[in-house]
Peer 1: 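Quick one: the structure is below, questions incoming.
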2 protein chains.
Amino acid sequence: MESRCENCIIRQFNSLRAMSKEELKQVSDSKTTRTIKKGEPIFEEGDKLNGVYCVRNGVSKLSKLSANGKDQIVKLASKGEVLGQRSVISQESTNLSAIAVNDMEVCFIPKESINNTLQKNPNFTLEVLRHMAHDLKEADDVIVNISQKTVKQRMAEAFLYLQNNFGEDAEGYLALTLSREDISNVVGTATESAIRIISEFKKKGLIQTSGKKIGIKDERKLLEMVEGF
Amino acid sequence: MESRCENCIIRQFNSLRAMSKEELKQVSDSKTTRTIKKGEPIFEEGDKLNGVYCVRNGVSKLSKLSANGKDQIVKLASKGEVLGQRSVISQESTNLSAIAVNDMEVCFIPKESINNTLQKNPNFTLEVLRHMAHDLKEADDVIVNISQKTVKQRMAEAFLYLQNNFGEDAEGYLALTLSREDISNVVGTATESAIRIISEFKKKGLIQTSGKKIGIKDERKLLEMVEGF
DNA sequence: CTAAAAACATGATATTTATCAGTTACCAAT
DNA sequence: ATTGGTAACTGATAAATATCATGTTTTTAG
């Protein structure tokens with residue numbers, strides 16, 4: 001049996017918290033829950049979305065395929081984030097694919113519920129707007145980083161980002177384990193280059209590895225590297 | 001004497017058109033008009049904005065300074081665009097500088113007018129939201145472009161962008177003339193590299209130049225280059 | 001109008017990064 | 001346990017791009 005949105009803790013983290021009791025009830029009644037296995041898509045570039053997906057568990061990569069066949073990962077979304085908002089709001093097909101990085105549980109909320117609330121509840125709209133303003137600011141930062149920093153700096157930054165946003169496990173490894181290819185797609189570089197830099201960082205004692213897992217050993221040095229020392 | 005917002009054609013192009021008569025009147029009464037000389041800033045990175053700027057004339061570059069001292073231009077804004085919205089909405093200091101590329105005329109609208117309307121008029125909020133959704137999509141595209149395309153491809157794309165968004169003069173030159181340095185900052189490359197590629201394109205008959213001015217001669221070939229042929 | 005400054009241009013070179021080719025390690029299914 | 005496939009890794013090389021040096025042209029300020 002599925003739980004009710006009204007009681008869902010996830011809601012605390014996203015714009016849904018600005019909904020009224022009745023609006024939430026409607027969302028809850030119309031929503032459906034889906035599980036997605038690691039590697040499977042929630043939706044793909046070009047799809048027309050009939051609603052948004054609220055992440056309950058797991059992590060999704062939002063990526064875009066380029067002409068040369070490589071994916072660029074634009075964002076990693078986890079618990080509480082709402083996927084597909086932009087597409088639903090602008091009523092265009094989505095420009096990004098969402099693929100599960102690990103097993104996921106998401107709630108699908110039909111666009112009617114969202115649009116309805118957008119029309120009627122200015123607080124909700126404003127909340128969504130604030131979120132989007134934040135995303136846009138982040139996107140600007142990514143643009144500047146990619147174009148002005150070296151691959152090494154961006155790699156260092158990526159590890160710190162993963163640490164800040166997804167934390168570490170008991171042994172001090174990054175809680176979110178990405179394949180080397182995914183890492184290279186976040187950073188925007190060739191997979192071999194990413195692997196080489198991982199080796200280099202390991203040799204220098206900045207990180208440690210255990211299989212795919214990566215642990216940060218010298219946060220300060222990594223930070224300095226990002227800043228360009 | 002300053003004209004009234006209610007009669008301003010510019011309004012057609014931005015979210016202000018979703019304002020009610022009264023709201024517009026309030027905006028009109030509280031707004032001030034400013035002229036900005038080429039090269040001067042409207043606001044700078046880190047500034048706390050007390051309102052937004054509506055562009056009436058001229059073009060502004062929105063850029064961010066990176067650690068290595070180079071600017072990255074994130075967007076070029078012209079007639080009808082509203083600057084500083086994001087900062088006002090998220091109530092944070094701005095992450096971008098806005099500098100006049102040529103002489104400009106802008107209207108400053110205090111944030112109170114904007115916030116007030118955001119709270120009360122869902123149509124306006126939704127309109128702003130749609131705009132921001134669009135900007136975010138564009139930003140995602142820029143990220144993918146920068147990380148997956150070569151400098152040459154991005155240069156070609158930049159010229160086509162300038163053509164599409166700012167048009168051409170009577171002799172077929174791009175109506176918006178940017179310095180070589182600004183072009184390199186849009187594309188995200190070294191100024192020398194940008195200049196070299198301009199020379200190369202000229203030699204190949206893709207573009208023509210006259211002083212700083214650049215004209216597109218072979219749109220098809222440029223397009224093919226962007227696509228990677 | 002002229003001097004100084006800024007922008008433009010190009011060659012030589014260094015650095016960064018991608019690509020290609022191949023090996024090794026690991027996981028999953030029989 | 002064996003095998004087949006995928007991901008991780010490494011070296012050699014090529015390509016792209018940045019940097020440095022320097023000269024020329026254009027713009028700007030007095």
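Letters A, B, ... are given to chains in the order of the sequence lines, protein chains preceding strands, and every chain is numbered from 1.
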Peer 1: Output the rounded distance in Å from CD1 (B:I146) to P (D:dT17).
Peer 2: 12 Å
Peer 1: Could you measure the distance from the CG atom of A:L178 to the CZ atom of A:F159? Nearest 0.5 Å is fine.
Peer 2: 9.5 Å
Peer 1: Going by heavy atoms in the side chains, are A:K137 and A:D140 under 4.5 Å from each other?
Peer 2: no
Peer 1: Please check this pair: side chain of A:Q153 against backbone of A:T150, looking for a donor-acceptor N/O pair closer than 3.5 Å.
Peer 2: yes
Peer 1: If you measure from CD on B:E138 to NZ on B:K75, what distance do you get to the nearest 0.5 Å?
Peer 2: 5.5 Å
Peer 1: Please encode protein proximity along nucleotides 4-15 of chain D as a string of B, S and -, counting only heavy-atom distances under 4.0 Å.
Peer 2: ---SSBBBB---
Peer 1: Chain A on DNA chain C: first and last contacting nucleotide, 5' to 3', under 4.0 Å to a heavy atom?
Peer 2: C:dT17 to C:dC20
Peer 1: Ion pair present between B:E200 and B:K152, side-chain N to carboxylate O less than 4.0 angstrom?
Peer 2: yes
Peer 1: About how many Å separate CG of A:D182 and CG of A:D71, when rounded to the nearest 0.5 Å?
Peer 2: 8.5 Å
Peer 1: Starting at atom CE of B:M225, determine the distance to atom P of D:dA16, rounded to an integer number of angstrom.
Peer 2: 12 Å
Peer 1: Side chain of A:T189, backbone of A:N185: donor and acceptor closer than 3.5 Å?
Peer 2: no
Peer 1: To the nearest 0.5 Å, what is the distance between CD1 on A:I42 and CD1 on A:I99?
Peer 2: 9.5 Å
